[in-house]
Amino acid sequence: MSTENKKHLRPTWDEYFMDLAHSVSKRATCDRGRSGCVIVRDKQILVTGYVGSPRGLPHCDDVGHFFKKVIHEDGSVTQHCVRTVHAEQNAITQAARRGIALDKSTLYCRMTPCRTCAMLIINCGIERVVCEKKYHSGAESEEMFREARVKLDYFSEEVLKYKGQ
């Protein structure tokens with residue numbers, strides 16, 4: 001069958017915006033979690049954000065990671081790079097810098113937002129979060145979204161694996 005006879009399949013709106021979040025993630029400057037975020041309302045892009053250091057500060061890709069150890073209640077210890085700002089946080093701060101209200105919008109991201117990002121998402125009025133996959137430590141965020149009535153959808157129930165997890 002020639003390519004002329006194949007029917008073009010348009011992506012759903014969720015697929016379209018998630019594809020854009022993947023494109024945005026290519027600007028990320030930390031190789032542990034190159035992530036991008038797109039926030040939309042009424043099928044229109046409001047802002048984007050990606051993982052990167054605060055303005056004017058060095059990037060992980062240039063100077064290496066800045067790790068902090070976290071000791072959890074169960075005694076387990078994890079390392080987190082704290083040099084960068086999460087994609088969701090960068091998108092929300094872009095909206096603030098530009099005077100764009102995020103009330104009643106939808107956020108697209110790579111994995112379940114962390115606890116801090118979840119609190120910001122709730123407080124700025126985002127009503128739906130669409131994630132490609134789950135975050136290994138996302139249960140607390142999922143519960144906060146449930147309590148705050150923020151709709152949470154996943155493309156896959158798979159837990160995202162990333163370098164140095």
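Worth saying up front: this structure is predicted, and the values here are computed from it rather than measured.
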Asks: Do Leu20 and Ile45 make a side-chain contact, defined as non-hydrogen atoms from C-beta onward lying under 4.5 Å apart?
Replies: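 Touching, per the 4.5 Å side-chain cut-off.
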Asks: Evaluate the criterion side chain to side chain contact (heavy atoms under 4.5 Å, CB included) for residue pair Val70 and Val77; output intermediate values, then yes/no.
Replies: CA-CA 6 Å; Val70 176; Val77 178; over 6 Å; no
Asks: Identify, with sequence neighbours excluded, every residue that meets side-chain hydrogen bond (donor to acceptor under 3.5 Å, both in side chains) alongside Tyr16.
Replies: none
Asks: Starting at OG of Ser76, measure out to CD1 of Ile71 and round the result to the nearest 0.5 Å.
Replies: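 Reported value, rounded in 0.5 Å steps: 9.5 Å.
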Asks: If you round to the nearest 0.5 Å, how far is CZ of Arg128 from OG1 of Thr106?
Replies: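 Those atoms lie 5.5 Å apart.
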Asks: Mark yes or no: Lys134 above the aromatic ring of Tyr154, with NZ or CZ under 6.0 Å from the six-membered ring centre and no more than 45 degrees from the axis.
Replies: yes
Asks: Which salt bridge (charged side-chain N to carboxylate O under 4.0 Å, His left out) pairs, counting each pair once, include a residue from residues 72-90, with sequence neighbours left out?
Replies: none
Asks: Could you measure the distance from the NE2 atom of His22 to the SG atom of Cys109? Nearest 0.5 Å is fine.
Replies: 10.5 Å
Asks: Taking side chain as C-beta onward, heavy atoms only, is Cys131 less than 4.5 Å from Val129?
Replies: yes
Asks: Calculate, to the nearest 0.5 Å, the distance between atoms NZ and CG belonging to Lys7 and Leu9 respectively.
Replies: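 It is 7.0 Å, given to the nearest 0.5 Å.
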Asks: Whether the side chain of Ser53 engages the backbone of Pro58 through a donor-acceptor N/O pair (distance < 3.5 Å, no angle test) should be reported.
Replies: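 At least one qualifying donor-acceptor pair exists.
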Asks: What distance do Arg98 atom CZ and Leu46 atom CG have between them, rounded to the nearest 0.5 Å?
Replies: 13.5 Å
Asks: Any chance CZ of Arg27 has more than 12 other-residue heavy atoms, nucleotides or ligands included, within less than 6.0 Å?
Replies: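 Atom CZ in Arg27 is not crowded, with 12 or fewer foreign heavy atoms closer than 6.0 Å.
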Asks: With rounding to the nearest 0.5 angstrom, report the NE2 to OG distance, His86 to Ser35.
Replies: 9.0 Å
Asks: Taking the side chain as C-beta and beyond, is there a heavy-atom pair between Ile39 and Thr48 under 4.5 Å?
Replies: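 No, their side chains stay 4.5 Å or more apart.
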Asks: Tell me, please, which residues at least two apart from Glu127 pass side-chain hydrogen bond (donor to acceptor under 3.5 Å, both in side chains).
Replies: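 side-chain hydrogen bond (donor to acceptor under 3.5 Å, both in side chains) list for Glu127, sorted by chain: empty.
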Asks: Take Ile121 and Leu107, measure what side chain to side chain contact (heavy atoms under 4.5 Å, CB included) needs, and give me the verdict at the end.
Replies: CA-CA 8 Å; Ile121 288 165; Leu107 182 146; 4.0 Å; yes
Asks: Give every residue pair that meets the side-chain hydrogen bond (donor to acceptor under 3.5 Å, both in side chains) criterion with at least one member in residues 113-123, sequence neighbours excluded.
Replies: Arg115-Glu140
Asks: With sequence neighbours left out, what residues match Lys151 under side-chain hydrogen bond (donor to acceptor under 3.5 Å, both in side chains)?
Replies: Asp153
Asks: List in chain and number order the residues that pass ring pair (Phe, Tyr, Trp, His ring centres under 6.0 Å) with Phe17, two or more places apart in sequence or in another chain; answer none if no residue qualifies.
Replies: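 By the ring pair (Phe, Tyr, Trp, His ring centres under 6.0 Å) rule, Phe17 matches Trp13, Tyr108.
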Asks: As a quick check of understanding, evaluate side chain to side chain contact (heavy atoms under 4.5 Å, CB included) for Arg32 and His65, giving each step before the final call.
Replies: CA-CA 9 Å; Arg32 284 191 77 236; His65 299 290; 3.5 Å; yes
Asks: Check whether any side-chain heavy atom of Val24 sits under 4.5 Å from a side-chain heavy atom of Cys37, and report yes or no.
Replies: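 Side chain of Val24 against side chain of Cys37, heavy atoms only: no contact under 4.5 Å found.
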Asks: Any non-hydrogen side-chain atom of Val51 less than 4.5 Å from a side-chain atom of Arg34?
Replies: no
